[in-house]
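Worksheet for the structure shown next.
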Amino acid sequence: MTEFWLISAPGEKTCQQTWDKIMTATTRTNNLSTNNKFNIPDLKVGTLDVLVGLSDELAKLDAFVESVVKKVAQYMADVLEDSRDKVQENLLANGVDLVTYVTRFQWDMAKYPIKQSLKNISEIVSKQVSQIDNDLKARASAYNNLKGNLQNLERKNAGSLLTRSLADIVKKENFVLDSEYLITMLVVVPKTNYADWQHTYETLSEMVVPRSTNLLFEDQDSGLFTVTLFRKAIDDFRLKARENKFTVRDFQYNEEEMKADKEEMTRLSTDKKKQFGPLVRWLKVNFSEAFIAWIHIKALRVFVESVLRYGLPVNFQAMLLQPNKKNMKKLREVLNDLYKHLDSSAAAIIDQSAMDIPGLNLSQQEYYPYVYYKIDCNLLDFK
């Protein structure tokens with residue numbers, strides 16, 4: 001399970017008692033979850049008005065930062081292409097895996113100084129993550145263009161003989177070049193029609209040079225043949241060939257063009273390799289930054305919400321529960337029993353959640369008598 005429930009409850013006589021109580025209720029007797037204390041430092045509270053406004057802003061910021069974290073993770077998976085099994089080992093926070101980072105969370109005093117107001121800290125995060133988001137768009141756009149152009153060229157060099165590039169198939173000696181009267185044409189013939197071609201190509205129109213056909217290349221379905229004829233017979237030959245299920249390719253031998261195509265492919269391939277390493281490094285660093293910012297936002301939300309709900313002086317215990325997948329429903333019930341005295345309206349909502357209460361729209365937000373936020377460390381959506 002990579003899902004965590006970040007909750008808080010008011011300190012009893014001491015916060016340790018609150019902790020002991022939840023440990024007894026959820027792990028010591030019935031193995032409902034694995035729990036860790038979630039350390040939030042002494043942040044500046046500010047005024048109640050500011051906290052109320054900040055509560056809404058933090059909810060939006062949380063959603064935005066989560067979306068950026070997921071974008072960076074997903075783009076890492078896209079960039080690593082064939083090594084998708086390597087994605088997880090590149091998605092680290094502060095050099096450790098995400099579960100370890102979350103369960104051993106320590107506030108980063110250097111990045112987010114706690115002497116600043118809560119609003120300032122949230123603005124630092126917002127600026128930082130917006131910058132990552134903008135950089136990602138620019139880098140992804142540049143790399144995707146490069147990758148797209150390379151794929152188009154590769155597609156041109158694969159595919160059926162009717163459409164693919166012929167640059168790597170034909171050679172100069174296959175053609176009559178620089179003749180005023182004669183021209184060599186390329187014809188795609190289905191394998192089942194080889195015999196027909198050999199019998200009929202000389203008579204498809206006038207002015208075909210006898211015995212001028214050669215098979216240059218085959219794929220699964222067809223072969224590519226040359227045929228030499230007089231220039232004035234081109235249109236007639238093309239028409240008759242089509243009637244016989246032979247396809248004349250539009251192709252003129254041009255060494256410069258073919259060389260340029262090959263060079264372009266080499267250049268794009270080299271560019272892609274050159275950009276790959278730095279891009280993966282950038283994604284690793286900025287995934288870590290964004291994920292760390294996201295968990296700090298969760299900590300801010302727990303702090304603000306706990307002060308709003310449980311009042312001053314600040315006295316609550318934040319806890320990180322990793323639910324046992326089979327017992328999630330049971331864990332909810334135990335938590336509800338433990339904390340329903342904190343907020344009778346929330347308890348009523350839970351009791352009646354099976355019924356639709358007119359005027360209460362609860363689908364948007366899960367609400368419990370205790371402060372609750374979900375953290376899901378499974379960030380990849382593999383198609």
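Atoms considered below: every heavy atom in the structure, side chains included; atoms not considered: hydrogens, waters and symmetry mates.
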Heavy atoms only: give me the nearest [X]-[Y] pair and the separation to one decimal.
X: Val87; Y: Ala73; answer: CG1-O, 4.5 Å
X: Ala290; Y: Ile132; answer: N-CD1, 4.0 Å
X: Ala93; Y: Ile292; answer: CB-CG1, 4.2 Å
X: Gly159; Y: Asp219; answer: O-OD2, 4.5 Å
X: Leu118; Y: Val45; answer: CD1-O, 3.9 Å
X: Pro41; Y: Ile114; answer: CG-CG2, 3.7 Å

Linking I/L/V/M/F/W/Y whenever any side-chain heavy atoms sit under 4.5 Å apart, do Leu43 and Val52 land together?
->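 Both belong to a single hydrophobic cluster.
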Are Ile22 and Tyr310 co-members of a hydrophobic cluster defined by side-chain heavy atoms under 4.5 Å apart?
-> yes
Taking the side chain as everything from C-beta on, heavy atoms only, tell me whether [X] gets closer than 4.5 Å to [Y].
X: Met319; Y: Trp5; answer: no
X: Lys340; Y: Asp337; answer: yes
X: Asn145; Y: Tyr143; answer: no
X: Leu380; Y: Leu91; answer: yes

Looking at Tyr101, Tyr112, Phe291, which one forms a ring-ring contact (aromatic ring centres under 6.0 Å, His included) with His296?
->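 The residue from Tyr101, Tyr112, Phe291 that satisfies ring-ring contact (aromatic ring centres under 6.0 Å, His included) with His296 turns out to be Tyr112.
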Report the residue from Leu321, Asp376, Val99 that forms a side-chain contact (heavy atoms from CB on, under 4.5 Å) with Phe4.
-> Val99
Looking at [X], I want to see if its [atom1] is surrounded by more than 12 non-hydrogen atoms of other residues, nucleotides or ligands under 6.0 Å.
X: Lys330; atom1: NZ; answer: no
X: Lys37; atom1: NZ; answer: yes
X: Lys156; atom1: NZ; answer: no
X: Glu173; atom1: CD; answer: yes
X: Glu154; atom1: CD; answer: yes
X: His199; atom1: NE2; answer: no
X: Gln220; atom1: CD; answer: no
X: Lys111; atom1: NZ; answer: yes

Pair Thr100-Asp97, side-chain donor/acceptor within less than 3.5 Å =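 Asp97 and Thr100 do have a side-chain donor-acceptor pair below 3.5 Å.
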Could you tell me how the ring of Tyr181 sits relative to the ring of Phe230: parallel (under 30°), tilted (30 to 60°) or perpendicular (over 60°)?
-> tilted
How far apart are the C-alpha atoms of Lys374 and Leu6, what are their side-chain angles, what is the distance that settles it, and do they pass the side-chain contact (heavy atoms from CB on, under 4.5 Å) test?
-> CA-CA 6 Å; Lys374 185 167 94 165; Leu6 179 54; over 6 Å; no
Before giving the answer on salt bridge (charged side-chain N to carboxylate O under 4.0 Å, His left out), spell out for Asp62 and Lys298 the whole-Å C-alpha distance, their side-chain angles and the decisive distance to 0.1 Å.
-> CA-CA 7 Å; Asp62 186 352; Lys298 294 287 188 195; 2.9 Å; yes
With rounding to the nearest 0.5 Å, note down the distance linking CD in Glu289 to CZ in Phe287.
->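 With rounding to 0.5 Å, CD (Glu289) is 11.5 Å from CZ (Phe287).
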From OG1 (Thr247) to CG (Leu186), nearest 0.5 Å =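 Between atom OG1 of Thr247 and atom CG of Leu186 there are 12.0 Å.
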Does any N or O in the side chain of [X] come within less than 3.5 Å of the main-chain N or O of [Y], such that one atom is a donor and the other an acceptor?
X: Thr228; Y: Val209; value: no
X: Asn30; Y: Ala25; value: yes
X: Glu202; Y: Arg211; value: yes
X: Asn174; Y: Lys171; value: yes
X: Asn134; Y: Ser130; value: yes
X: Asn254; Y: Glu257; value: yes

Applying ring-ring contact (aromatic ring centres under 6.0 Å, His included), name anything that partners Trp282, two or more places apart in sequence or on another chain.
->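 Checked Trp282 against ring-ring contact (aromatic ring centres under 6.0 Å, His included); zero matches.
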Begin with the C-alpha distance, continue with both residues' side-chain angles, and end with the deciding distance and a verdict on side-chain hydrogen bond (donor to acceptor under 3.5 Å, both in side chains) for Thr213 and Gln198.
-> CA-CA 8 Å; Thr213 195; Gln198 294 291 357; 5.4 Å; no
Please assess Ser306 against Ser8 for the test side-chain hydrogen bond (donor to acceptor under 3.5 Å, both in side chains), listing each intermediate value before the final yes or no.
-> CA-CA 7 Å; Ser306 299; Ser8 87; 2.6 Å; yes
Show your reasoning for whether salt bridge (charged side-chain N to carboxylate O under 4.0 Å, His left out) applies to Lys137 and Asp133.
-> CA-CA 6 Å; Lys137 281 175 192 153; Asp133 193 34; 3.3 Å; yes
Arg309 to Phe316 six-membered ring, cation-pi geometry met (6.0 Å, 45°) | no
Output all residues satisfying side-chain contact (heavy atoms from CB on, under 4.5 Å) with Glu57, sequence neighbours left out; order by chain, then residue number.
->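 Applying side-chain contact (heavy atoms from CB on, under 4.5 Å) to Glu57 gives Leu54, Lys119.
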Tracing side-chain links under 4.5 Å among I, L, V, M, F, W and Y, which residues wind up in one group with Phe246?
->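 Cluster partners of Phe246: Ile183, Met185, Val187, Val189, Tyr194, Trp197, Tyr201, Leu204, Val208, Leu215, Phe225, Val227, Leu229, Ile234, Phe237, Val248.
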Would you sort out whether Trp19 and Gln17 count as a side-chain hydrogen bond (donor to acceptor under 3.5 Å, both in side chains), showing the intermediate values?
-> CA-CA 5 Å; Trp19 171 250; Gln17 274 181 304; over 6 Å; no
